[in-house]
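Everything on this sheet refers to the single structure shown next.
Naming convention: chains lettered A, B, ... in sequence-line order (proteins, then strands); numbering from 1 in each chain. All heavy atoms count here, side chains included; hydrogens, waters and symmetry mates do not. Here the structure is a predicted model, which means the values were calculated and not measured.
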6 protein chains.
Amino acid sequence: MTTRGLVIGRFQPFHAGHAHLVKEIVNDVDELVFGIGSAGDSHTVRNPFTAGERIMMATKSIEAMDIETTVYTVPIEDLNRNSVWVSHVESMSPRFDIAYSNNPLVVRLFTESGVEVRQTPMYNRDVLKGSEIRERMVEGEAWEPHVPDAVVEVIEEIDGIQRVQAVS
Amino acid sequence: MTTRGLVIGRFQPFHAGHAHLVKEIVNDVDELVFGIGSAGDSHTVRNPFTAGERIMMATKSIEAMDIETTVYTVPIEDLNRNSVWVSHVESMSPRFDIAYSNNPLVVRLFTESGVEVRQTPMYNRDVLKGSEIRERMVEGEAWEPHVPDAVVEVIEEIDGIQRVQAVS
Amino acid sequence: MTTRGLVIGRFQPFHAGHAHLVKEIVNDVDELVFGIGSAGDSHTVRNPFTAGERIMMATKSIEAMDIETTVYTVPIEDLNRNSVWVSHVESMSPRFDIAYSNNPLVVRLFTESGVEVRQTPMYNRDVLKGSEIRERMVEGEAWEPHVPDAVVEVIEEIDGIQRVQAVS
Amino acid sequence: MTTRGLVIGRFQPFHAGHAHLVKEIVNDVDELVFGIGSAGDSHTVRNPFTAGERIMMATKSIEAMDIETTVYTVPIEDLNRNSVWVSHVESMSPRFDIAYSNNPLVVRLFTESGVEVRQTPMYNRDVLKGSEIRERMVEGEAWEPHVPDAVVEVIEEIDGIQRVQAVS
Amino acid sequence: MTTRGLVIGRFQPFHAGHAHLVKEIVNDVDELVFGIGSAGDSHTVRNPFTAGERIMMATKSIEAMDIETTVYTVPIEDLNRNSVWVSHVESMSPRFDIAYSNNPLVVRLFTESGVEVRQTPMYNRDVLKGSEIRERMVEGEAWEPHVPDAVVEVIEEIDGIQRVQAVS
Amino acid sequence: MTTRGLVIGRFQPFHAGHAHLVKEIVNDVDELVFGIGSAGDSHTVRNPFTAGERIMMATKSIEAMDIETTVYTVPIEDLNRNSVWVSHVESMSPRFDIAYSNNPLVVRLFTESGVEVRQTPMYNRDVLKGSEIRERMVEGEAWEPHVPDAVVEVIEEIDGIQRVQAVS
């Protein structure tokens with residue numbers, strides 16, 4: 001039977017650490033659900049990009065990685081009700097067997113619902129954090145080396161640097 | 001520059017008519033956004049399947065069609081505010097140039113927002129309607145010939161016929 | 001002390017019956033609050049016009065009546081919670097002493113909250129109903145004689161007849 | 001270990017059939033959760049009474065039955081998302097082991113979530129239906145014999161007959 | 001006529017100070033409504049327990065106090081609209097005559113709506129605060145002496161200490 | 001053709017700086033839409049006054065300025081979805097050509113939607129800020145010189161100083 005893994009993040013923006021994560025998880029599972037959290041948020045310091053823009057970044061980056069695994073990209077809007085959040089994710093996502101997360105609340109919510117949770121490895125967290133990359137965008141420093149090429153293209157297409165700077 | 005088309009439906013379930021539609025639209029555009037409407041609805045007569053289940057049906061069916069075009073599958077929750085619906089779709093979707101629809105309200109809303117709309121062809125509407133296919137599922141008649149093989153597999157995986165019958 | 005009256009309707013569109021109503025109520029009160037209900041609805045058969053369009057219709061029509069009374073035009077979004085609806089209206093409106101309505105539910109809700117309610121007279125209800133006027137717009141029959149001139153102008157400015165026909 | 005049962009209804013109003021139901025279920029379980037559905041609705045033909053009024057009816061009627069079992073009375077607001085409804089109920093209710101329902105959708109939703117469901121017996125359904133009792137209230141026919149005495153008192157305290165007639 | 005009092009708190013968790021409060025208020029009133037605020041929140045530092053869990057704690061603790069007064073336990077979800085909050089509480093609760101609160105905003109909202117408000121006494125606030133008790137749960141210090149026995153049992157049943165520690 | 005300008009603020013309360021702003025903008029446009037933001041908020045430190053109270057302040061102050069221009073006063077509830085906020089404003093407001101704002105997020109959102117934005121001048125920002133005026137109300141210092149006479153009257157009518165002090 002197919003084993004499906006779910007990974008959830010905000011991906012503001014999708015960066016090289018996320019790309020590594022995908023490469024690793026696809027060794028474990030037959031199919032991967034890529035959940036884009038806080039999907040309703042955009043145009044803020046922490047969440048500059050819309051769900052649609054993040055779907056583009058993730059889909060194009062994962063396509064370029066040339067993996068065989070089927071990957072579903074699924075936006076997940078916040079509900080602000082922790083007690084129904086797992087059901088909400090389950091309704092928006094293909095059925096999954098394993099959730100990958102290091103966030104203590106997410107781990108707890110899935111565990112209480114009986115979903116198996118696995119930790120994910122961290123890559124070079126000094127640079128490979130969304131907050132650090134957004135900070136570089138604001139300051140005009142080099143952010144491009146830390147994201148897949150596809151993300152650079154998407155951010156150009158949507159004029160993303162201007163937005164990040166305007167809302168910072 | 002990339003031309004992107006958007007098509008929105010409820011896909012309850014994804015059927016052979018939708019597969020034809022995809023094949024036709026991908027001739028027109030470089031990339032296709034496949035919007036799954038009423039994404040929050042499930043377990044009703046008109047909307048038996050969750051957004052996640054419909055994403056699986058569409059993604060696997062389109063993969064099996066072996067087309068080159070990048071296809072994004074995007075769930076769209078209802079907002080019950082017609083006046084902000086186009087913005088809501090735009091925020092959940094990669095930027096698009098053309099919306100494909102035959103629904104008069106959808107056509108009107110996109111037109112008022114300045115989005116180009118194109119009509120879609122209809123295929124054998126006597127059978128290839130979601131309502132007809134759901135009716136066959138309820139009555140125990142043959143529905144499998146009217147959907148892609150991938151959809152048959154998904155509906156088996158999720159025990160879908162039992163659900164359609166229980167909520168009818 | 002100032003006496004304020006409140007009248008609530010959907011005003012789809014504002015018509016000559018509403019104009020009569022305003023003229024009559026301003027004899028009773030020092031100030032009038034003109035509440036535009038179902039403010040979030042638009043682009044449907046029953047509610048084709050947005051709140052903003054209806055505010056324009058009402059404000060311009062009342063200005064043209066050349067009355068002395070201060071009139072406040074206040075959009076009221078539906079809450080779908082009858083039990084909190086009066087509080088919702090009170091928070092969106094200047095304080096009022098009397099509510100004018102013939103709708104049994106509205107009368108009941110205000111009465112249970114201790115607000116004085118007065119019935120309003122009806123004018124030539126065969127023609128002067130929103131549903132009748134919208135029907136004439138759909139059918140291409142004469143609707144202009146039944147609304148103030150200002151409403152004709154607004155509906156022209158917003159290309160309203162096309163919309164009413166598209167969503168009908 | 002404590003066995004808890006859950007029963008959900010709208011209880012518009014609580015009537016003799018519900019009283020019978022409670023008496024029967026308390027033989028099966030150690031504790032009973034009495035879930036009052038559509039808790040946000042009131043002042044309509046189908047849902048004339050507020051959640052607070054229905055809590056009073058149920059609590060006082062069950063107190064008068066003089067049973068030993070702990071009974072929790074819990075209002076449940078509608079979410080209009082079938083896929084998260086079970087989680088929503090679970091978060092508002094003490095943990096329960098068995099759900100009692102004859103509603104096919106409710107049965108299906110609990111079953112898909114792995115909750116044991118039991119059918120409930122029906123009592124004299126010609127009269128002992130909320131709709132029938134509300135109809136008698138509207139028409140001025142005898143409704144009092146079909147509800148516990150405590151319900152008659154609550155409906156008097158809240159002037160309930162006037163409301164049922166006003167919104168009908 | 002019956003005098004009903006309302007007390008609202010978050011009760012994260014129900015503790016000995018709340019038990020004292022109940023004992024005192026039941027001397028003043030014929031019936032007591034015990035309102036559990038922020039009912040939709042759970043699994044956070046400030047609100048670890050669900051509404052259902054808090055209903056269990058309060059109901060069992062009050063049962064063990066062996067008082068004669070009828071007590072209604074009512075969860076109250078946040079609305080984030082101060083102006084309609086009193087109506088919201090009124091719709092979820094049996095009618096009440098007096099609200100007990102020391103919270104300045106709550107006092108103001110009830111006062112503006114014409115509800116009588118009474119201050120409540122405070123008991124040994126150094127220890128008998130929810131925040132202090134949750135802190136002890138996180139740190140592994142003694143919290144049990146400060147809550148009724150029934151609360152200790154509920155927290156064991158739901159594996160509550162693990163949750164408080166996981167989300168802290 | 002009519003040129004309409006839109007200005008949006010919270011107006012907690014409407015003060016002399018806002019009055020200057022109105023005087024200046026009416027030189028530029030034929031009609032002015034006065035948008036009252038965060039319309040659902042009240043009874044907090046930052047937002048003490050309801051939308052209805054702020055509509056009264058603005059309408060009466062602008063009437064007293066005796067300008068010819070038609071001014072629409074429109075409450076705008078927060079949506080917490082930046083990506084649909086412009087559409088939301090457009091649906092609640094008469095159509096507008098120019099938005100006046102100095103808020104970087106508002107400027108960005110309108111600009112991305114293709115709406116022309118103009119900066120507004122600032123007047124004596126040390127005193128003419130809502131926060132400064134509310135602080136004076138709390139502290140019992142002179143706030144009346146900094147608001148139009150009509151605002152003083154409204155705040156007296158609604159017993160506003162007591163509220164500001166109670167929620168601070």
Worksheet entry | Option among L6(F), I62(F), V74(F), I8(F) that satisfies the side-chain contact (heavy atoms from CB on, under 4.5 Å) test with F34(F) | I62(F)

Worksheet item: Between R118(C) and E116(C), is the closest basic N to carboxylate O distance under 4.0 Å?
Response: yes

Item to complete: Could you check which of R54(F), E63(F), E157(F) has the highest count of heavy-atom pairs closer than 4.5 Å to chain C?
Response: E157(F)

Worksheet item: Is the backbone N or O of T3(C) less than 3.5 Å from a side-chain atom of D30(C), with the two atoms forming a donor-acceptor pair by type?
Response: yes

Item to complete: Count the heavy-atom pairs under 4.5 Å between each of E90(F), K60(F), H88(F) and chain C, then report the option with the highest count.
Response: K60(F)

Worksheet item: Under 3.5 Å, is there a donor-acceptor pair between the side chain of D78(F) and the main chain of N80(F)?
Response: no

Worksheet item: Between E31(F), M57(F), E53(F), E77(F), which residue shows the highest count of heavy-atom pairs closer than 4.5 Å to chain C?
Response: E77(F)

Fill in: Atom group of T70(C) that falls short of 4.5 Å from chain F, counting heavy atoms
both

Worksheet item: Can you tell which of G52(F), A51(F), P75(F) has the highest number of heavy-atom pairs within less than 4.5 Å of chain C?
Response: G52(F)

Worksheet item: Between F11(C) and H18(C), what is the ring plane arrangement, given parallel below 30°, perpendicular above 60°, and tilted in between?
Response: perpendicular

